[in-house]
Protein chains: 2
Amino acid sequence: MATIYDVAKAAKVSPKTVSRVLNGDAPVGKKTRAAVTAAIAALGYVPSSAARMMRSNKSGLIGLITGAISDQIEPAQPAGLPELLLVRGIQQTIGLTGKTLMIADSGNRSERVPELIKTFLEHRVEGLIYVAPYHQNVRLPPVPDDTPVVLTNCYDDAGTPAVIPDDRRGQHDLVSRLIAAGHQRIAYLTLREDIVATGLRRGGYRDALGEAGIAYDPALLQCGEIGSPETETQVLWTAIDRMLNLDQPPTVFCCGNDRQALKVYGILRSRGLAVPDDISVAGYDNYRVIAETLYPPLTTVELPYTAMGVRAAQRLLDLISGESRNDTGPDVIGGPVYWRQSVTERRPPNVSQLKLVRED
Amino acid sequence: MATIYDVAKAAKVSPKTVSRVLNGDAPVGKKTRAAVTAAIAALGYVPSSAARMMRSNKSGLIGLITGAISDQIEPAQPAGLPELLLVRGIQQTIGLTGKTLMIADSGNRSERVPELIKTFLEHRVEGLIYVAPYHQNVRLPPVPDDTPVVLTNCYDDAGTPAVIPDDRRGQHDLVSRLIAAGHQRIAYLTLREDIVATGLRRGGYRDALGEAGIAYDPALLQCGEIGSPETETQVLWTAIDRMLNLDQPPTVFCCGNDRQALKVYGILRSRGLAVPDDISVAGYDNYRVIAETLYPPLTTVELPYTAMGVRAAQRLLDLISGESRNDTGPDVIGGPVYWRQSVTERRPPNVSQLKLVRED
DNA sequence: CCGGTTTGTGACACCGATGTCATGACACCG
DNA sequence: CGGTGTCATGACATCGGTGTCACAAACCGG
């Protein structure tokens, strides 16, 4: 690969003059500039970022650690792909600044994270973003104080800057909207008990019921992810069966995510029930491949991954430029309800009270 | 950030000795090694890859260009995410060699590719992988001869090393398996006419019919992606309606991909038909979030993205080590049929003739 | 006990950029 | 016309590692 010396020799100038042409940091004579430009093109010269970095001590690199790409822990649950939207938001924001994003993949194996961080530090990244596959509490290995870190879709107990989804408000807004549509008996099939989102969303569900003066009925609440993935359909079938046989059966099933809603569609139809004419269904995530493709399209709440990615990148850039401090804890990001045809509208809602609801 | 000189001073040795401890390329006394190790830990020293790279001229970096992460062209068709599996396969293979993968995102805007390549060249990547969002013919901007390139999920007219899916064989194997299960009237709803896969798969469909002595009936073939995404459901509805009203209606619908199959499930059920008891459905891609979650689970063909990623990385590594030449054109990778409950089995198949079929 | 090999260590140059400083050629000003 | 400032350019040192070479000490077989 040609160096700046080769270019200098070819253009019959000093290396420093070539450098000036490249960086425009000092005036260069017109003819000289033309000769240098020609030599660069002729030799196919590309400056070495390594050499440049040594001198300037600025790498222009941002490190991103994710498990999104090679999720090996739960290969049977490839629902982790939407978290790629987080990476998209980060990428878009970082790209605008001219910095380069280095993405490393942990395969969701936490023991590999320290070596990834070391690789990033060797490249002298200006900041680090850690992206978790789902909303959770994490503990990151130590990172030097002068390298800012932002957690995304996760948080820690040390108050590290973080960006997380507003699970409580999301479920609250959805249930409020269902109530506004005339639903009173709202069943809720939750995700696994051990994840952070489940507790928060159940809180939002109960808050919304309370605000509307509807009594909370434990018979309408059940975890839909008990046991192994293989038994999931059976668990859902049994839960749905039980609820439909209640004295006052539900008029709508809220599901833990859109994937679960897809399963519920199949189960309800196998029982001869039409969606939404006989029974309504709502999801969570706005996982569009499912929510928009399902027939009829699915009412759901957006898990605002792209917006979270943008915010995470912005926070990191602020930290790098010294505009903000690094102990301000999590930023909570909400997403809108997407109202589609999987839920019946029994009574016109007062839309003005529900600014976050979008009608497709 | 501490340098090797700081460590040398703290350990009271020369910088070169610290270098020897780090790289183990020459014997170091026991006590000296201990002192150096202690100094490294105390100072939190991490070697600078930039400085190392300057001397050795080896970056240990592989560049990957993809549009997978921020696909902005067709935001209504977020089906591009599975191509992330390609990245996963590449990542896994590259990771084993100790090299670092740099991922850059084009947002599927081809005009941004040259600048991404330039950034990679500045970092002196040892090789480049270009990943396309779907099987297609591409033309990449020029890259210096000494930087090997592998195309993935695409190919060019210059004979650049490439890895592409075996669309013809995939569709052929699926249809052969359907015939073995007793199906004779096999409808095929294809993807858009202008994509490479459509032509190849239609060829595979006709080949399989021909081999079984079944006459090809144009009435059973229709493009399911005419017009805009909004009208897609209507197009499918009309096509299905027409085919079901034929004198000899199909017993199975082959869909262009699993997403389309998901739509077809909804349409068939809205017509009161049960899958698979009244009518069978098959997809393409083995997009697991859909294929495994659908009720009943979907018979489909794997688009072998992970395997393609692994192969692409291997080809690149071979090129870098000089073990293979860079004009050997495309590698075609096939994937197995996944046989699930969405298709009826009218006659026990002769499985021994169909090695590529997997039963879940 | 001596020549030869191995072990352990340091001095120094070099990789390819760029910051600093010096220098020569003009132009402008009073 | 001498002094001052701007323009255009080059010499040289420097960033943080590592390859080369030199050299002293330890070891080893005969």
Side-chain angles (χ1 to χ4, degrees), chain A residues 1-37 39-40 43-61 100 118-126 144 146, chain B residues 1-37 39-40 43-61 100 118-126 144 146:
Chain A
M1 178 73 59
T3 74
I4 202 169
Y5 295 91
D6 302 324
V7 175
K9 197 178 297 178
K12 295 181 186 167
V13 297
S14 75
K16 180 65 207 187
T17 299
V18 178
S19 171
R20 283 192 264 256
V21 171
L22 287 168
N23 299 293
D25 53 355
V28 176
K30 212 174 173 184
K31 290 183 68 173
T32 314
R33 158 168 277 112
V36 170
T37 309
I40 287 175
L43 295 171
Y45 166 72
V46 179
S48 155
S49 67
R52 184 174 284 161
M53 188 193 313
M54 275 199 67
R55 203 66 242 275
S56 67
N57 248 337
K58 291 210 162 186
S59 66
L61 294 172
T100 304
K118 185 167 179 243
T119 302
F120 280 151
L121 291 177
E122 287 182 354
H123 285 91
R124 301 289 189 264
V125 294
E126 298 174 8
D146 54 356
Chain B
M1 180 73 62
T3 75
I4 204 171
Y5 295 92
D6 301 325
V7 175
K9 196 179 297 179
K12 295 180 187 167
V13 297
S14 75
K16 179 65 207 187
T17 298
V18 178
S19 171
R20 282 192 264 256
V21 171
L22 287 169
N23 299 293
D25 53 356
V28 176
K30 214 174 173 187
K31 289 182 71 174
T32 315
R33 160 169 274 114
V36 170
T37 309
I40 288 174
L43 295 170
Y45 167 71
V46 179
S48 156
S49 67
R52 181 175 289 159
M53 188 194 313
M54 277 198 66
R55 198 66 176 75
S56 67
N57 244 340
K58 292 210 160 185
S59 66
L61 294 173
T100 304
K118 186 169 178 241
T119 302
F120 280 151
L121 290 177
E122 287 181 355
H123 284 92
R124 300 289 189 266
V125 293
E126 297 173 9
D146 54 358

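Letters A, B, ... are given to chains in the order of the sequence lines, protein chains preceding strands, and every chain is numbered from 1.
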Its dot-bracket string being built from Watson-Crick and G-U pairs below 3.5 Å, with | for another strand and [ ] for crossing, DNA chain C has the pattern ||||||||||||||||||||||||||||||

Between CE of Met53(A) and P of dG19(C) the distance, given in whole Å, is 15 Å

Next item on the list: Please determine if a side-chain N or O atom of Ser14(A) lies less than 4.0 Å away from the OP1 or OP2 oxygen of dA11(D).
Entry: no

In whole angstroms, the gap separating C1' of dC15(C) from CG of Asp6(A) amounts to 13 Å

message = I'd like to know if the side chain of Glu122(B) and the backbone of Pro47(A) have a donor-acceptor N/O pair within less than 3.5 Å.
response = no

Please check this pair: side chain of Arg124(A) against backbone of Leu121(A), looking for a donor-acceptor N/O pair closer than 3.5 Å. yes

Tyr45(A) and Ala2(A) have their tightest heavy-atom pair at CD1-O, 3.4 Å

In whole angstroms, the gap separating P of dT14(D) from NZ of Lys58(A) amounts to 22 Å

Rounded to whole Å, CD1 of Ile40(A) lies from P of dA17(C) at a distance of 10 Å

Does a side-chain N or O from Thr17(A) land closer than 4.0 Å to OP1 or OP2 of dA8(D), or not? no

Here the gap from Met54(B) atom CE to Met54(A) atom CE, rounded to the nearest 0.5 Å, amounts to 6.0 Å

Of all heavy-atom pairs linking Ala39(A) and Ala10(A), the shortest is CB-CB, 4.0 Å

note: Lys31(B), atom NZ; dT7(C), atom C1'; distance rounded to Å ~ 17 Å

Sugar-phosphate, base or nothing in reach of Ser49(B), heavy atoms under 4.0 Å: nothing

Hey, mind stepping through Val28(B) and Val36(B) against side-chain contact (heavy atoms from CB on, under 4.5 Å) and telling me if it holds? CA-CA 10 Å; Val28(B) 176; Val36(B) 170; 6.0 Å; no

Counting primed atoms, P, OP1 and OP2 as sugar-phosphate and everything else as base, the B/S/- map of nucleotides 16-24 of chain D against protein heavy atoms under 4.0 Å is BBBB-----

Output for pair (Ser48(B) OG, Met53(A) CE), nearest 0.5 Å, gives 7.0 Å

Value for OG1 (Thr17(A)) from CD1 (Ile4(A)), rounded to nearest 0.5 Å, stands at 9.5 Å

Value for NE2 (His123(A)) from CG (Leu61(B)), rounded to nearest 0.5 Å, stands at 4.5 Å

